[in-house]
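The chain is numbered in sequence order, starting from 1.
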Amino acid sequence: MAFDLEKIHGAFAVDDKFVQALPYGTGHINDTYKMDCAASSYIVQRLNTSIFRRPEALMENFRRVTAHIAEKIAAEKSDRQTLRLVSARADGKPFFRDGEGNFWRCYHFVGGARTYDILETPEQAFQAASAFGQFQCDLADLERLDETIPDFHNTPVRLKNLENAIRADRCGRLGEVAREVDFVMSRAADCRILTDLQSEGKLAERTTHNDTKLNNVLIGETSQRAVCVIDLDTTMPGLPHYDFGDMVRTGTSPAAEDERDLSKVGMRFGMFEALLRGYLSRAKFLNPLEKELLPFSGKLITLEIGIRFLTDYLEGDVYFKTKRPGHNLDRCRTQLKLVESIEAQLDAMKKLNDSIALA
Ligand code: ADP
Ligand code: GN1
Ligand code: MG
C-alpha cells in the first residue's frame with residue numbers, strides 16, 4: 001500500500017520542509033520510513049494495529065519510557081540518547097490517526113549511527129548488550145507499564161498456539177514440517193522453566209524491552225559505541241531473561257535470521273562471551289538465580305521465536321512480514337539450528353557465566 005507521506009509530515013509539528021520519505025530498515029511488523037526534511041531527518045512509522053491492538057496505551061508506555069530515560073541521561077550528562085517523539089500538530093498527542101484509521105508516529109532520526117542485522121565484532125556485541133542492560137537499569141524505578149501484549153514471552157502459551165496451529169493445519173503444510181514439530185515437542189519441558197519459576201515466586205517481573213534484536217540498538221559509526229536503544233513497542237513487564245535471550249539469538253550467529261544454508265548458522269562463543277560481559281557490566285540488579293539462568297535464556301528465546309515462525313508458517317504467514325514462499329519456515333529452521341548449537345555449548349556457557357562476578 002502506498003501512503004502520502006508528505007501529508008503525514010503535515011500532521012506532525014515538524015517545522016522543516018518535506019523532501020522525501022523512503023521505506024527504511026528490516027523490521028517484520030511496522031512500516032518504517034526515513035523522512036528527510038530540508039534541515040534534518042525523522043523516522044515515521046505506521047504501527048501495525050492488528051498486532052498492537054491498544055496503540056494509545058502503547059504510546060503512553062513509549063512516552064513514559066523515553067521521558068524517564070531522558071531524565072537519567074540529563075542527570076549523568078552522558079552522550080547516549082533516547083528516542084524523541086514529535087507531537088501531532090492538531091492535538092499535541094504523540095501520534096496521529098489518519099482518515100483511513102492508520103496509526104502514525106514520528107520521532108527524530110538519530111544521525112551518525114546505524115543498526116546491524118548481523119553483528120561484525122565482539123566489541124559491537126559488548127556495546128549492544130551493555131546498552132540493553134543499562135536500559136533495564138534505567139527503568140528499574142519506573143512504575144509498572146501497561147502490558148500491551150499479554151503473554152508476549154510466555155513460552156508455554158506460544159507452544160499451545162503452535163499445538164492449535166498443528167491441529168487446525170489450515171494451509172495443509174503440516175506434512176512438510178514433521179521434523180521441526182518433533183524438534184520442538186521434544187523440548188516442551190524447557191518451555192515451562194522460567195514461567196514456572198515465576199509462578200512459584202522465585203523470579204520477579206521487571207520492566208524489560210522484550211524485542212532486543214541486535215538491530216534494535218543504534219551503534220555510532222565512528223565511535224562504535226551503542227548510542228540509542230530503539231523499537232520500544234514491546235517495552236513492558238517481563239523477565240530480564242527475555243532480553244538477554246533475544247540478544248543471544250540475534251547476536252551470536254554469523255548468518256541472517258532467514259539464511260537457507262543452515263551450515264552457516266551457529267552460536268559463536270566469543271560473541272556470547274561479549275554479550276554476557278556487556279550485559280553483566282550494567283545489569284547489577286540481577287539476583288543469583290536470575291544470573292544463573294542467563295545462558296539457558298539464550299536457548300529458550302531462540303526456541304520460542306522458532307516456535308512463533310513455525311506457527312505463522314502453519315497459519316499461512318499472517319503475522320510476520322514475508323518476502324518469499326517458505327520465508328517463515330526458513331526463519332524457523334535457522335532458529336532450531338541455533339538452538340542445537342547453543343545446546344552443544346550450554347555447559348561451557350554456564351561455566352563462563354559462573355566465572356564472572358556481578359559486583
Ligand atoms: P520495527 O518495529 O519495524 O523493527 P524499528 O523501530 O526497529 O521498527 O525501526 C526500523 C529501523 O529503522 C531500525 O532497525 C533502525 O535501522 C531504523 N531506526 C529506527 N529508529 C531510528 C532513529 N530514531 N534514528 C535512526 N534510525 C532509526
Ligand atoms: C519482530 O519488529 P521486529 O522485526 O523488531 C517481533 C519480535 C520477534 C522478531 C523476530 C512485536 O520484531 O517479537 O522476535 O520480529 N516483534 C513483535 O525477528 O512481534
Ligand atoms: Mg526493530
Within a reach of under 6.0 Å around CZ of Arg187, are more than 12 heavy atoms found that belong to other residues, nucleotides or ligands?
yes
With sequence neighbours left out, write down each residue that passes salt bridge (charged side-chain N to carboxylate O under 4.0 Å, His left out) with Asp258, or none if nothing qualifies.
Arg324
Salt bridge (Lys or Arg N to Asp or Glu O under 4.0 Å) contacts in which one or both residues fall within residues 303-321, not counting sequence neighbours
Asp31-Lys321, Arg173-Asp317
Show the numbers, then the answer: is there a side-chain contact (heavy atoms from CB on, under 4.5 Å) between Val248 and Ile301?
CA-CA 9 Å; Val248 175; Ile301 297 304; over 6 Å; no
If you link I, L, V, M, F, W and Y whenever their side-chain heavy atoms are under 4.5 Å apart, who else ends up in the same group as Val318?
none
The test is side chain to side chain donor-acceptor pair (under 3.5 Å); show your working for Gln198 and His241 and say whether it passes.
CA-CA 12 Å; Gln198 190 174 6; His241 306 89; over 6 Å; no
Kindly state each residue pair satisfying salt bridge (Lys or Arg N to Asp or Glu O under 4.0 Å) with at least one member in residues 50-71, sequence neighbours excluded.
Arg54-Asp146, Glu56-Arg97, Glu60-Arg63
Taking side chain to side chain donor-acceptor pair (under 3.5 Å) as the cut-off, I'd like each qualifying pair that reaches into residues 128-139, sequence neighbours left out, listed once.
Arg80-Asp138, Gln134-Asp138, Gln134-Arg282, Gln136-Asp243, Gln136-Tyr279
Verify side-chain contact (heavy atoms from CB on, under 4.5 Å) between Glu100 and Phe3, making sure each step is shown before the conclusion.
CA-CA 11 Å; Glu100 281 80 54; Phe3 297 99; 6.0 Å; no
Report the residues that fulfil ring-ring contact (aromatic ring centres under 6.0 Å, His included) with Tyr116, sequence neighbours left out, ordered by chain and then residue number.
none
Ser50 and Asn48: side chain donor to acceptor below 3.5 Å
yes
Give the table of side-chain donor-acceptor pairs shorter than 3.5 Å for residues 10-22, with sequence neighbours excluded, one pair per line with atom names and distance.
residue: Asp15; atom: OD1; partner: Arg89; partner atom: NH1; Å: 3.4
residue: Asp16; atom: OD1; partner: Ala38; partner atom: N; Å: 3.2
residue: Asp16; atom: OD1; partner: Ala39; partner atom: N; Å: 2.9
residue: Asp16; atom: OD2; partner: Ala39; partner atom: N; Å: 3.2
residue: Asp16; atom: OD2; partner: Ser40; partner atom: N; Å: 3.0
residue: Asp16; atom: OD2; partner: Ser40; partner atom: OG; Å: 3.4
residue: Gln20; atom: NE2; partner: Asp36; partner atom: OD2; Å: 3.0

Contacts satisfying salt bridge (Lys or Arg N to Asp or Glu O under 4.0 Å) that involve residues 266-276 (not counting sequence neighbours) are Glu273-Arg277
Can you tell me which residue pairs pass the ring-ring contact (aromatic ring centres under 6.0 Å, His included) test with a partner in residues 57-93, sequence neighbours excluded?
Phe62-Tyr107
With sequence neighbours left out, write down each residue that passes ring-ring contact (aromatic ring centres under 6.0 Å, His included) with Phe152, or none if nothing qualifies.
none
Test question: given the 4.5 Å side-chain rule for I, L, V, M, F, W and Y, name all other residues clustered with Val157, or answer none.
none
Would you say the side chains of Gln45 and Thr32 form a donor-acceptor pair under 3.5 Å?
yes
Arg158 vs Cys191, test: side-chain contact (heavy atoms from CB on, under 4.5 Å). Steps then yes/no.
CA-CA 9 Å; Arg158 296 294 188 180; Cys191 295; over 6 Å; no
Under the salt bridge (charged side-chain N to carboxylate O under 4.0 Å, His left out) rule, collect the residues that match up with Lys72, sequence neighbours excluded.
Asp141
